[in-house]
Amino acid sequence: MSSIESPLDLIRLSISERVYVKLRSNRELRGVLHAYDQHLNMVLGQVEETVTSKEVDEETDEEIVKKSKREVDMLFVRGDVVILVSPPLKST
Amino acid sequence: MSELTKEEPPAAPAAPPPTSVTPSTYLKSILGRPILVRLHTGVTYRGILACLDGYMNIAMEQTEEYGVGGELESRYGDVFLRGNNVAFISGDTKAK
């Protein structure tokens, strides 16, 4: 990470790579980063969107975590809903 | 009239003393060190501060994500955190 001077450099180095993006309202995206700008608006390709929801079982009072997934060919993400972007692990 | 104005005391100097610490000098001082970042949502990130910018966007290494209850949720190699979500950044004294 020595070539990084600003946090956005981390995103620049992830162009054409598969990235993980955490969004508001319990949404996650995994896809290939095609483009981004200073607002973190992004265009992702071959995206898998995961929406996580929690429900409480009426009978057992247990929390049930539900994950629903869908796939999208190409997606524009508005930057203001982005919480976190993580490039793929290079070592593993 | 001119004598009266002469007696006015000079305006107090507005500039802070040169040794003052600003938030930005603190953040620069913890570059490369273990930090703890809390978001507005209550989620906490611990890792090494790689760099940050004026928006408080943060790049971290060896990052661990902790849920609102304090449980370890996931690990990332490198992480970019968008600055608008950040509540505070602190030096992580409990890091190994």
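Here is how names work: the chains are called A, B, and so on, in the same order as the sequence lines, proteins then strands, and each is numbered from 1.
- At a threshold of 4.0 Å, the pair Arg27(A)-Glu49(A) counts as salt-bridged, since one of the basic side-chain nitrogens sits closer than that to a carboxylate oxygen.
- Of the atoms belonging to Asn85(B), it is side-chain heavy atoms, and not backbone ones, that fall under 4.5 Å from chain A.
- For Asn84(B), the part sitting under 4.5 Å from any heavy atom of chain A is the side chain, from C-beta outward, and nothing else.
- Using a cut-off of 4.0 Å between Lys/Arg side-chain N and Asp/Glu carboxylate O, Glu48(A) and Arg70(A) are scored as not salt-bridged.
- With respect to the salt-bridge test (charged N to carboxylate O, under 4.0 angstrom), the residues Glu28(A) and Lys22(A) do not qualify.
- Residue contact with chain A, scored on non-hydrogen atoms closer than 4.5 Å, involves the backbone of Ile58(B) exclusively.
- Heavy-atom distances place the side chain of Tyr45(B), and not its backbone, under 4.5 Å from chain A.
- Ion pair Glu65(B)/Arg75(B) not flagged as a salt bridge, since none of the NZ, NE, NH1 or NH2 atoms sits closer than 4.0 Å to an Asp/Glu carboxylate oxygen.
- Using a 4.5 Å cut-off between heavy atoms, Ile83(A) touches chain B through backbone and side chain atoms alike.
- One finds the CG atom of Asp92(B) at 11.5 Å from the CG atom of Leu49(B) (value rounded to the nearest 0.5 Å).
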